[in-house]
Amino acid sequence: MTDVAIVGMAQTPYRRRRDDANFAELIYEVSCGALQDAGLEVGDIDNFITVSNDFWDGRTISSMAVQDACGSSFDGGRNVSTVEGDGTFGLLYGMMRILSGAYRTTLVVVHCKGSEGNMRLITNGMFDYIYTRPLGIEATGAAALQARRYMDKYKLTEEDFAHVSIKNRGNALRNPNAQLAASLSLDEVMASTPIASPLKLHDISPISDGAAAVVLAHRNVANKLGRKPVWVKGIAHCSEAHFLGDRDLAEAPALRDAAFRAYQMAGIEDPFAEIDLVELYDAYSYMEPLWFEEMGFCSKGEGAELTRLGATAFDGPLPVNPSGGVLSAHAVMVAGLARVIEAALQIRGEAGERQVEGPVELALAHGINGPCGQSHCVVILGE
Amino acid sequence: MEKDELIHLHADVDLPYRWAAGRYGSMMLRALRDRKVILGNRCPQCNKVYVPPRVVCGPCFIQPSEVVELSPAGILVGYSVVNYHFIDPETGQKRPVPYTYAYIKLDGCDNYLSHLVDETDPNRLYPGVRVEAVFRPDGDRVGRLQDILHFRVVD
Amino acid sequence: MSRSAEENIIYDGRIRMPYKWAAGKTSSFFLTQLRDHAKIWGTRCSLCQMIFVPPRKNCPRCVTADTTWVELPPRGILQTYTEIHFSEPLLQPLEPPYMYGVVKLEGADTGLTHFLGEVEPEKLRSGMRMEAVFKKKEDRCGLITDLLYFRPEGGSGS
Amino acid sequence: MAQRVGIIGFGQTYHRSHRDDVNGVELINEAVRAALEDAGLSIDDIDAVVIGNMDHFEAVNYVDTWSVDGSGAWMKPLIKLTTGGTTGSTLGIAGYHHAASGLFDVVLVIGWEKNSESDTTGAIITCSDPIFDRFSFSGALPGLAVEASAYIKRYGIKEEDAARVAVRDRAHGANNPYAQLQTPVTVEEVMLSPMLSWPIKLLDICPRSDGAAAVIFAGERKARQLCSQPAWVHYTAVRHSHAYFGDVDYTRLHTLEAAVQELYQNVGIKEPLKELDVVELYQPYSFAGLKWIEAMGLCKPGESPRLVWDGVTDMGGELPFNPSGGVICTNCIGATGLLRIGEAALQVMDRAVGRQVPDVNLALATGFGGAYWSDLMLLGRRPW
């Protein structure tokens with residue numbers, strides 16, 4: 001349990017191209033939206049965190065584009081910092097700066113326009129330049145190696161993964177912000193274009209443009225606001241080795257570690273029984289069961305079976321990605337904060353058509369950095 | 001002695017981008033291309049006029065809603081005759097030097113426009129000297145800030 | 001005026017820059033041994049005894065720089081693989097479709113990611129024994145691609 | 001949960017123009033091992049790792065996950081921050097908040113750069129807006145030249161005054177075995193060095209360096225347990241305003257003025273010249289050593305040359321600046337701000353071998369970068 005709550009949030013719809021808006025315009029939209037949602041003025045915010053990536057933006061110091069738009073230049077300027085990584089890490093650092101006693105309120109903003117760069121070149125750039133980059137490997141090729149290893153180790157099939165795409169793209173039909181929403185059949189997924197075996201087109205998240213913002217507040221502020229605060233009950237992050245060959249790609253010990261520490265902080269002993277909803281980073285279909293298992297919701301190798309049985313369905317006992325997940329909209333870095341926002345909306349009971357049945361008292365949101373989920377951040381949100 | 005040989009890896013990193021100018025940027029670049037006009041926008045609170053026009057006045061956190069046509073002329077606030085060699089990250093090649101990089105305060109505008117001046121003689125360049133925009137001819141303008149070829153010193 | 005009437009201006013540009021990365025002493029030894037002798041070397045941490053390929057100047061887990069060289073055989077076990085079908089000419093050194101795999105060399109504790117060759121993708125299985133195929137000596141230039149690919153041990157698996 | 005925080009260890013590489021003997025990950029590891037050794041810790045004692053640099057100097061994306069083998073962050077909490085020239089100070093401030101939040105006790109903070117691996121000016125140009133600024137932008141020099149020339153014009157400052165600042169830092173750098181430039185220079189030599197962009201000459205500006213820095217922050221209980229004299233973090237302040245280079249007021253460094261005012265007010269500093277004992281100023285060129293110390297309220301506008309010529313900012317003066325030799329002697333950009341913090345910490349800890357200022361109670365470290373942004377961290381001998 002921590003003393004920090006989410007008191008405001010906003011996100012843009014996620015679309016393949018937002019040629020009508022530059023980074024500052026996306027950020028100004030969500031900054032104003034999150035402040036309005038919180039019932040606060042920009043002058044009430046004493047700390048800002050921007051999240052962006054210099055490769056995706058094609059700009060060194062990519063945060064420069066959004067300093068004015070997030071409000072950090074307001075009235076002579078406020079304290080601000082910039083995280084380069086998933087939005088959940090921005091949330092984490094924003095929280096730290098409140099917990100340290102330095103600030104009372106924090107606006108966390110994140111943007112990415114996947115439409116403006118070349119995803120394959122940009123993600124090739126995250127691999128080591130001596131041994132791996134010259135091979136031309138990038139995010140999807142690496143993910144395919146992980147998917148194959150996971151299948152082989154736990155005797156899973158491509159059909160197992162297809163069910164995740166069917167579920168999440170189906171969930172996205174209820175989410176107006178989603179980019180890809182469809183009622184897919186098993187045959188359609190299985191027959192979709194091969195990209196990097198065993199991954200096919202429908203196993204892979206789209207490239208999206210979008211932005212998101214969250215207002216964090218210390219307990220003393222949060223309790224005075226009109227809105228029902230959504231508390232950050234637990235949070236933890238962890239990274240494992242970089243070289244793909246240093247890792248057993250069928251395992252995610254860093255996620256296991258982060259989830260364990262986040263549960264400890266939140267006082268969770270039995271995650272499956274206690275957590276009501278999960279929004280996790282399913283950049284590829286196989287990631288959902290893999291992450292789900294490492295979060296301790298079931299034994300290793302059982303995640304896909306649970307999906308097939310409907311346990312993680314929209315109306316199942318533990319809905320996973322009722323928003324449609326990253327498979328339905330993937331603005332890189334934004335996607336982790338979008339998971340947080342989706343989980344928080346469910347706790348507030350304000351998720352509209354995608355509101356799951358029954359009360360959501362405790363939810364898990366998750367973000368990743370680096371190839372094949374090398375680094376993870378787990379956030380536990382609650383009433 | 002191969003043990004002492006140090007290897008370098010050479011890469012010509014080439015990342016293509018298609019940056020969107022956005023609502024205000026597009027408005028300005030269309031006006032430049034179609035009408036040879038430089039646009040700014042004015043903050044309704046502090047009355048500052050900005051170029052390029054933008055979605056927000058940072059100090060006021062308000063949309064500068066009023067779009068204004070700026071004069072193509074103004075004063076040179078600061079400049080630097082660039083004489084040193086460096087790689088232009090747009091081409092991967094050395095950018096030709098010398099050239100003059102300048103901050104220009106257009107008449108009616110409160111901040112500066114970064115651009116080029118077609119003058120490298122330091123005797124003709126000084127802060128406060130008047131300069132004016134030289135536009136590319138009709139048909140050559142494509143909707144970039146480089147549709148202003150450069151600024152020139154007005155005697 | 002409707003928004004659709006407003007043309008969005010796009011700036012088609014690039015970041016294009018030459019980079020010169022230093023491999024450093026440790027990787028330079030690995031790359032020159034690969035180039036000159038078609039040999040693959042790893043490093044052993046004197047504390048945890050783990051053998052890493054590619055070699056590390058310091059142990060990534062113990063952080064100590066107390067590591068020693070170990071020569072590894074050019075063969076090992078296939079841990080995972082993929083066949084790449086998508087095309088990205090700005091990036092790919094080979095014409096798709098082509099294959100990547102992770103091969104754990106005999107005696108090493110980590111796998112090496114590289115191309116796979118001389119095998120039909122449907123014949124690939126995790127756990128297969130693989131061996132390294134090197135470029136001809138005159139074509140080797142001190143890059144990781146001096147190792148051409150791994151193929152099933154004993155020659156073509158197709 | 002909130003706790004006071006002290007710096008308990010600092011390590012740096014020997015900074016050089018080219019470190020071809022190590023790659024980036026290995027360079028990082030040198031600083032990490034040096035910091036661990038300095039603090040008497042092993043990597044197992046580290047609870048979280050913070051790292052940063054500027055992506056396009058080395059063309060490495062996601063440097064945090066890429067560098068795990070060197071940073072020691074394997075199976076540890078790891079985060080990356082980057083804000084341009086202020087990256088190093090941004091990282092140090094993040095290290096402080098990691099520990100101060102109570103979420104982590106011992107935090108390893110790493111800043112690094114291998115500027116030899118690309119064209120530094122070309123890479124800096126990529127920080128400008130790609131549509132409106134980049135085709136004309138020419139790196140760091142022109143903006144600084146505009147700032148310096150406006151300052152000269154307004155206060156009648158002489159180029160020799162700035163040269164004296166460079167002379168001071170180069171003299172100090174001779175005391176620092178880690179500095180890239182360790183040979184002193186004279187005012188005449190600075191004045192005769194090639195003119196790069198009037199009034200800035202070659203010896204007025206920083207070099208480009210390969211190097212890394214690592215600083216270990218700890219919460220109060222751990223800090224007292226692990227270190228006999230931690231450098232306690234008293235306050236941090238940051239201003240990152242402006243989106244375009246044409247928005248900057250080159251006659252005043254507003255960001256530094258605002259950050260300094262916030263810091264002085266909250267800490268209760270009324271006479272900074274008297275109350276501060278040493279400053280590690282992120283001073284990328286000599287003129288900043290005049291104009292910016294005025295922005296810091298050390299003297300009235302236009303009066304800084306007198307302070308500098310009188311030796312007030314020299315070793316042995318009332319308020320020594322940059323005992324390490326500062327940025328003019330070493331500039332591995334992503335590490336530079338963190339080097340300021342680490343060097344300031346050494347001064348507070350009384351461990352700045354060969355460059356120690358006597359009796360340091362309060363040390364100020366600054367960061368500079370982006371579109372004329374400023375960061376501050378105040379360190380003290382006693383917890384605040």
Side-chain angles (χ1 to χ4, degrees), chain B residues 4 6-9 11 13 15 17 19-22 25-26 28-29 48 50-52 54 56 58-59 77-95 97 99-105 109-117 122 126-128 143-146 150, chain D residues 18-23 56 58-61 116-150 152-154 194-200 202 240-251 254:
Chain B
D4 292 328
L6 290 176
I7 298 232
H8 284 96
L9 301 127
V13 173
L15 303 166
Y17 290 95
W19 291 290
S26 295
M28 179 196 187
L29 296 174
K48 262 185 142 179
Y50 290 104
V51 68
R54 64 212 45 202
V56 63
V77 173
Y79 71 94
S80 174
V81 180
V82 178
N83 258 317
Y84 45 88
H85 288 281
F86 60 88
I87 301 289
D88 185 334
E90 177 106 37
T91 62
Q93 308 291 320
K94 282 186 175 163
R95 193 184 281 176
V97 291
Y99 69 90
T100 299
Y101 171 69
Y103 296 114
I104 292 148
K105 192 165 185 296
C109 191
D110 289 287
N111 69 335
Y112 315 140
L113 184 68
S114 308
H115 218 287
L116 310 171
V117 177
Y126 52 91
R144 292 184 165 202
L145 191 55
Q146 296 94 309
H150 50 244
Chain D
H18 293 75
R19 281 295 309 272
D20 292 344
D21 59 318
V22 286
N23 62 40
H56 291 291
E58 295 85 5
V60 175
N61 196 3
S116 67
E117 298 195 335
S118 66
D119 184 278
T120 300
T121 294
I124 288 177
I125 287 172
T126 65
C127 85
S128 55
D129 181 277
I131 299 176
F132 293 103
D133 279 344
R134 201 169 294 178
F135 74 98
S136 63
F137 192 60
S138 316
L141 260 180
L144 298 176
V146 169
E147 180 187 47
S149 48
I152 284 175
K153 191 179 168 203
R154 184 157 179 189
M195 185 66 73
L196 298 177
S197 182
W198 190 86
I200 302 173
L202 184 66
H240 295 180
S241 306
H242 312 309
Y244 299 95
F245 284 94
D247 296 353
V248 178
D249 175 356
Y250 292 91
T251 63
H254 290 269

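Values in this document were obtained by computation on a predicted structure and should not be read as measured data. We name chains A, B, ... by the order of the sequence lines, and we start the count at 1 in each one.
Between B:Y103 and B:Y101, the ring-plane angle classifies as perpendicular under the 30° and 60° cut-offs.
Note on D:I125, D:L196, D:D129: by heavy-atom pairs under 4.5 Å with chain B, the leading option is D:I125. Among the candidates D:A123, D:G139, D:P130, D:A150, the residue making the largest number of heavy-atom pairs closer than 4.5 Å to chain B is D:P130. The choice from D:V146, D:T126, D:I200 that makes the most heavy-atom pairs within less than 4.5 Å of chain B is D:V146. Of the listed residues (B:R95, B:H8, B:R144), the greatest number of heavy-atom pairs within a distance under 4.5 Å of chain D belongs to B:R95. Chosen from B:G25, B:P89, B:P59, B:A21, the residue pairing most often with chain D at heavy-atom distances under 4.5 Å is B:P89. Taking D:S197, D:G122, D:S136 one by one and counting their heavy-atom pairs under 4.5 Å with chain B, the maximum is reached by D:S136. For the options B:H150, B:R54, B:K105, B:E90, heavy-atom pairs under 4.5 Å to chain D are most numerous at B:R54. Of the residues considered (D:H56, D:R134, D:E117), D:R134 shows the highest number of contacts with chain B, using heavy-atom pairs under 4.5 Å. Of the residues considered (B:L145, B:D110, B:I7), B:L145 shows the highest number of contacts with chain D, using heavy-atom pairs under 4.5 Å.
Residues D:S138 and B:Y84 have side chains that never bring a donor and an acceptor to within less than 3.5 angstrom of each other. D:T251 and D:D249 share a side-chain donor-acceptor pair at under 3.5 Å.
Scanning both residues, D:F135 and B:Q146, for their nearest heavy atoms gives CB-NE2, 3.4 Å. Nearest heavy-atom pair, B:V97 versus B:N83, reported as atom, atom and distance to 0.1 Å: CG2-O, 3.9 Å. When every heavy atom of D:P142 is checked against every heavy atom of B:V82, the shortest pair comes out as CG-CG2, 4.4 Å. Heavy atoms only, all atoms of each residue included: D:G246 and B:N111 are closest at O-CB, 3.3 Å. The two residues B:A102 and B:V117 make their nearest non-hydrogen contact at CB-CG2, 3.6 Å. Scanning both residues, D:F137 and D:I124, for their nearest heavy atoms gives CE2-O, 3.9 Å.
Contact annotation for D:Y244: only side-chain heavy atoms (C-beta onward) come within less than 4.5 Å of a heavy atom of chain B. In this structure, chain D has a heavy atom under 4.5 Å from the side chain of B:L29, while its backbone stays farther away. Only the side chain of B:V13 comes within contact range of chain D, judged by heavy atoms closer than 4.5 Å. With a threshold of 4.5 angstrom between heavy atoms, B:Y79 approaches chain D through N, CA, C or O but not through any side-chain atom. Heavy atoms closer than 4.5 Å to chain B are found nowhere in D:S149, neither backbone nor side chain. B:L15 touches chain D through its side chain: at least one heavy atom from C-beta onward sits under 4.5 Å away, while N, CA, C and O do not.
Taking the side chain as every heavy atom from C-beta outward, D:D119 and B:H85 never approach each other to under 4.5 Å.
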